[in-house]
Amino acid sequence: MVSVYEEKNISKAIMRAGLPAMLGQLTTLIYNIADTFFVSLTKEPAAIAAVTLCAPILLIIMSIACIFGMGGSSVIARLLGEGKKEESGATLNFCVYAMAAAGMVTLILGLLFLDPLANVSGADADNIAYTCDYLKWIFLGAPFIMLANGFVHLFRSVGLIKEGTIGLVLGNVINMVLDYVFIAILGWGTAGATLATSLGFVCATVYYIICMVREGRKGNPLVPWSPKCFSPNTVMVRNVVSIGIPGALITVLMSVSNIVLNNYIGIYGSGAVASYGIAYKLDMIPILLSVGLAQGVAPLVGYYYGGNRKDQMSDVVKRTVLYGVFMGAVFTVIFLLLGKPLAAIFLQDDVLIGQTGYFLKILCLSAPMLGVINMMTSYFQALGKAVKSLVITVLRNAALFIPGVVILNHFWKLDGVIAAQPVVETVLTLICIVMYMKDTGTCE
């Protein structure tokens, strides 16, 4: 089969690059929902709230992997477009060892500062014990969480799209199976949920390492595994980090905004946090599918850019945006019609079910806009234009979102806090369109 980079049919190239990434994100979502579902079997709102409160910390750990995973992926794709295979392989090798080292540092620091991190996350007297249990196992699995998440991006950039997706799916399926064993059978609650998560990432990491060894034995110069191939230089590190840090800040700032949001929702009690947690997990379906589509085609955009094939690059971007907007619109309709029935899958209390369904109907209003925002973020990352990607991130998760939460909470209380997401993303969509038009010169 012809390489996805040389696929002549643009729509087919988008599907070949985007669908596996969307599948991987979908299984990630399913395991997140499974975590929440199995924890909800405890019928403890505080336990469900703890899962929600710890999500930003898990995202921050993943964001560190993004420095080398997304940063390395962007650099590698552009190098391949320029025909520089040896430099691409050396970059991948450096990124793998850098992620492993960063994971060990995170493990040590996380365990040392476990209680302060739980408090910063918004834990209160009701859920502090559950939150600490969850965080402990997350930090113990930090090296594998980073490696597994980084490998996905690196494998896509060198054309190992199928292998990247299989590893992601494998880890998530194992996580779900262990969720059932640890929570439903053994009754370990939140500790069981996070232990299952960490072990899932361990299995995914082992699979990726096996793939690297296999590719190395085949003589694939793009996937060198041996420490002998570890040969970073100043230019390589700078190129990876200059793109990777803004990519990581996307997740870090998302986590910070979620922490702020959780603290404001926490004013209204654990029930409100639990309701929001369920609604947000369901709203993550269109969010993660949109992210998967945009991240999946990002190496394709970078490859065309590196090879100076601007027409194909533009075609990929525009079609991907259209696909993402349509997909988001479909989910908006589904959630508006089925908010309460979907909430009832996870909750037994009628009041919480009604509240969750209402939250979901508000959150889903921004789903069509994700096709624009996520693609523009990936577009600027793929081109190595880190500052523009960072601008979108800062606006989305800090400069617009945090003031939005504070202001809307002042005027409309809990309703205003929940509405912050669709309000901010509506404004940001317009900003992204203007940024893209200026970048391509279409508005001059």
Side-chain angles (χ1 to χ4, degrees), residues 22 24-37 39-40 48-49 51-56 58-59 62 172 250-251 253-255 257-262 264-265 268 271-295 324-347 352-375 377 396-397 400-401 404-405 408 414-429:
M22 292 170 70
Q25 292 289 351
L26 184 61
T27 59
T28 298
L29 172 69
I30 292 171
Y31 104 69
N32 270 300
I33 292 176
D35 265 1
T36 304
F37 172 76
V39 171
S40 73
I48 301 172
V51 175
T52 302
L53 294 172
C54 292
L58 179 57
L59 285 174
M62 291 179 177
N172 290 333
I250 293 174
T251 309
L253 289 176
M254 185 185 300
S255 300
S257 66
N258 281 340
I259 289 172
V260 171
L261 185 63
N262 287 336
Y264 269 89
I265 296 174
Y268 304 97
V273 176
S275 290
Y276 171 75
I278 300 294
Y280 185 67
K281 286 287 175 69
L282 291 168
D283 191 50
M284 286 294 286
I285 298 174
I287 291 174
L288 288 180
L289 287 176
S290 175
V291 168
L293 178 61
Q295 290 184 352
V325 170
F326 175 76
M327 179 174 62
V330 170
F331 277 102
T332 295
V333 173
I334 292 172
F335 289 155
L336 287 174
L337 294 175
L338 301 174
K340 286 183 67 175
L342 290 170
I345 297 173
F346 303 93
L347 297 164
L352 291 181
I353 289 172
Q355 184 173 243
T356 301
Y358 175 65
F359 287 173
L360 182 59
K361 289 179 180 180
I362 296 174
L363 292 174
C364 76
L365 296 176
S366 63
M369 305 164 205
L370 299 172
V372 177
I373 297 170
N374 290 325
M375 188 62 238
T377 303
R396 186 180 195 177
N397 296 299
L400 293 178
F401 185 79
V405 170
L408 293 175
L414 182 57
D415 285 354
V417 174
I418 303 302
Q421 176 180 307
V423 169
V424 166
E425 293 188 342
T426 299
V427 175
L428 186 58
T429 297

Could you check whether any side-chain heavy atom of [X] comes within less than 4.5 Å of a side-chain heavy atom of [Y], counting everything from C-beta outward?
X	Y	value
V325	V372	yes
F335	I285	yes
L370	M327	no
V417	L408	no
T356	F346	no
L289	F331	yes
L363	Y276	yes

Nearest 0.5 Å, what's the [atom1]-[atom2] distance between [X] and [Y]?
X	Y	atom1	atom2	result
I345	K340	CD1	NZ	14.0 Å
I278	I353	CD1	CD1	10.5 Å
T377	Q295	OG1	CD	9.5 Å
L342	K281	CG	NZ	15.0 Å
I373	S290	CD1	OG	8.5 Å
N262	S257	CG	OG	9.0 Å

Shortest non-hydrogen contact between [X] and [Y], atoms and distance:
X	Y	result
L347	L352	CD1-O, 3.8 Å
A420	G404	CB-C, 4.3 Å
L414	Q355	CD2-OE1, 3.9 Å
A419	I362	CA-CG2, 3.7 Å
G328	A367	O-CB, 3.4 Å
A343	G357	CB-N, 4.1 Å

Quick check against the 3.5 Å criterion: does T332 have a side-chain atom that pairs as donor or acceptor with the backbone of L365?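 Checked: no pair found.
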So, Q421 and D283: side-chain donor and acceptor under 3.5 Å apart, yes or no? yes
With a 3.5 Å cut-off and no angle check, do the side chains of D415 and Y358 form a donor-acceptor pair? yes
Have a look at V333 and tell me which of V330, L336, L337 forms a side-chain contact (heavy atoms from CB on, under 4.5 Å) with it. L337
Side chain to side chain contact (heavy atoms under 4.5 Å, CB included) between L261 and I418, intermediate numbers included: CA-CA 9 Å; L261 185 63; I418 303 302; 5.6 Å; no
